[in-house]
Amino acid sequence: MKPTVYIESSIPSYLTARPSRDLVKMAHQQITQEWWDKRDRFELFVSDAVIQEISQGNQEAAQRRLAAVDGFASLDFDEPVIDFAKELIAENLLPEKALLDAIHIAIAALNGTDFLLTWNCKHIANATMRPKIERKCRLVGLVPTVICTPEQLLEF
């Protein structure tokens with residue numbers, strides 16, 4: 001059985017964006033492409049939250065993002081997900097302004113994915129927040145998903 005990966009919105013965004021002149025973004029784009037080329041080692045998932053997020057903005061760019069994840073199975077985005085996301089915020093594990101980020105974490109955790117893949121290092125793949133999020137998952141009886149960047153999952 002292949003490991004399961006929840007693809008957060010930043011992944012199709014970096015994958016399909018025009019090449020950046022910013023060195024960090026350019027590196028993220030290249031690493032994302034390298035990981036993407038090896039994606040068949042995983043079972044990939046998105047959610048309605050991802051689809052809604054990547055549908056926004058420039059329509060041409062949105063179509064490229066949507067095409068990248070076309071055919072991926074969609075994970076549940078229901079009341080328990082919203083409740084858990086709100087708990088993460090209420091317990092100051094993420095800031096209130098990061099509700100969508102909390103929703104991504106909740107979707108991955110409640111659906112039991114092995115990995116949550118993201119370039120959002122401010123609120124999701126954050127070394128300070130991650131252990132607290134994992135602890136909260138364990139407290140409610142969930143096995144925490146491994147939150148990581150494509151770079152961290154490249155050699156899996």
Side-chain angles (χ1 to χ4, degrees), residues 1-75 77 81 85 88-89 92-137 143-156:
M1 185 170 178
K2 293 180 180 180
T4 55
V5 178
Y6 175 67
I7 303 289
E8 185 265 340
S9 309
S10 61
I11 301 304
S13 295
Y14 274 97
L15 180 69
T16 62
R18 292 187 179 132
S20 178
R21 292 182 182 178
D22 177 280
L23 290 177
V24 173
K25 288 181 182 177
M26 186 185 337
H28 287 176
Q29 288 174 319
Q30 183 177 349
I31 292 165
T32 302
Q33 185 62 58
E34 289 174 25
W35 185 86
W36 199 257
D37 291 344
K38 298 178 179 183
R39 72 187 181 279
D40 60 343
R41 300 174 297 161
F42 303 96
E43 188 175 355
L44 306 177
F45 297 92
V46 292
S47 68
D48 286 343
V50 170
I51 299 302
Q52 289 172 12
E53 200 170 2
I54 66 174
S55 297
Q56 297 175 5
N58 176 286
Q59 282 307 297
E60 197 175 301
Q63 289 306 315
R64 287 193 307 270
R65 293 186 296 265
L66 289 166
V69 299
D70 186 46
F72 290 7
S74 188
L75 297 177
F77 176 21
V81 165
L88 293 172
I89 290 176
N92 296 314
L93 302 178
L94 281 91
E96 193 169 322
K97 66 182 179 181
L99 178 59
L100 188 53
D101 298 335
I103 287 171
H104 288 305
I105 293 167
I107 289 169
L110 289 170
N111 284 280
T113 62
D114 297 310
F115 300 97
L116 187 168
L117 195 65
T118 183
W119 278 115
N120 179 338
C121 297
K122 186 170 186 179
H123 297 129
I124 301 178
N126 179 299
T128 303
M129 296 175 178
R130 187 173 148 188
K132 296 173 188 174
I133 293 166
E134 290 173 353
R135 189 175 316 111
K136 173 63 178 175
C137 287
V143 175
T145 189
V146 175
I147 299 170
C148 60
T149 67
E151 183 174 29
Q152 295 166 320
L153 196 55
L154 197 54
E155 297 305 319
F156 184 86

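Please read these numbers as outputs of a predicted model, since none were measured by experiment.
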Q: Could you tell me which non-hydrogen atom of Arg130 sits nearest to which non-hydrogen atom of Val146, and how far apart they are?
A: NH2-CG1, 3.7 Å
Q | Glu34/Lys38 salt bridge by N-O under 4.0 Å criterion | A | no
Q | Nearest-0.5 Å distance, CG of residue Leu110 to CZ of residue Phe77 | A | 11.5 Å
Q.
Could you measure the distance from the CD1 atom of Ile11 to the CH2 atom of Trp36? Nearest 0.5 Å is fine.
A. 8.5 Å
Can you give each donor-acceptor pair under 3.5 Å made by side-chain atoms of residues 65-74, sequence neighbours left out, with the distance rounded to 0.1 Å?
unit_1	atom_1	unit_2	atom_2	d
Arg65	NE	Ile54	O	2.9
Arg65	NH2	Ile54	O	3.1
Arg65	NH2	Gln56	O	2.5

Q) Quick one: NZ on Lys122 to NZ on Lys97, what's the gap to the nearest 0.5 Å? A) 4.0 Å
**Q.** Any Leu153 side-chain heavy atom under 4.5 Å of Phe115 side chain
**A.** yes
Q) Of all heavy-atom pairs between Ala85 and Leu99, which one has the smallest distance, and what is that distance? A) CB-CD1, 4.2 Å
Q: Give a yes or no on whether the backbone of Ser20 and the side-chain of Gln29 come within a donor-acceptor separation of less than 3.5 Å.
A: yes
Q) Is there a donor-acceptor contact under 3.5 Å from the side chain of Gln59 to the main chain of Gly57? A) yes
Q. Do the non-hydrogen side-chain atoms of Ile105 and Leu94 ever get within less than 4.5 Å of each other?
A. yes
Q) Are any side-chain N or O atoms of Arg39 and backbone N or O atoms of Leu44, one a donor and one an acceptor, separated by less than 3.5 Å? A) no
Q) Mind checking whether Cys148 and Leu117 have side chains closer than 4.5 Å, heavy atoms only? A) yes
Q) Would you say the side-chain atoms of Thr149 and Glu151 include a donor-acceptor pair closer than 3.5 Å? A) no
Q: Please find out if less than 6.0 Å separates the ring center of Trp35 from that of Phe42.
A: yes
Q: Give a yes or no on whether the backbone of Glu60 and the side-chain of Asn58 come within a donor-acceptor separation of less than 3.5 Å.
A: yes
**Q.** Main-chain N/O of Leu15 paired with Thr32 side-chain donor or acceptor, under 3.5 Å
**A.** no
Q: Measure the OG-CZ distance between Ser13 and Arg64 for me, rounded to the nearest 0.5 Å.
A: 10.5 Å
Q) Around Lys132, counting heavy atoms of other residues, nucleotides and ligands shown, do more than 12 lie under 6.0 Å from its NZ? A) no
Q | Interatomic distance, Ser9 atom OG to Ile124 atom CD1 [nearest 0.5 angstrom] | A | 8.0 Å
Q. Quick check: does any side chain N or O of Thr4 sit under 3.5 Å from a backbone N or O of Glu43, one acting as donor and the other as acceptor?
A. no
Q: Determine whether Leu75 and Tyr6 make a side-chain contact, defined as any pair of heavy atoms from C-beta on separated by less than 4.5 Å.
A: yes
Q.
Ignoring hydrogens, what is the shortest heavy-atom contact between Ile107 and Ser47? Give both atom names and the distance.
A. CD1-OG, 3.4 Å
Q.
Would you compute the distance between atom NE2 of His123 and atom CG of Leu88 and round it to the nearest 0.5 angstrom?
A. 12.5 Å
Q. Are any non-hydrogen side-chain atoms of Ile7 and Val50 less than 4.5 angstrom apart?
A. no
Q.
For a quick test of reading the model, state the closest non-hydrogen atom pair linking Asn126 to Thr128 and the distance between them.
A. OD1-N, 2.8 Å
Q) Under the criterion side chain to side chain contact (heavy atoms under 4.5 Å, CB included), which of Ile147, Leu116, Leu100 is the partner of Glu8? A) Leu116
Q) Would you say the side chains of Gln33 and Asp37 form a donor-acceptor pair under 3.5 Å? A) yes
Q: Grab the two heavy atoms, one from Thr118 and one from Ala125, that are nearest each other, plus how far apart they are.
A: CG2-CB, 3.8 Å
**Q.** Close side-chain approach of Met129 and Pro95, heavy atoms under 4.5 Å
**A.** yes
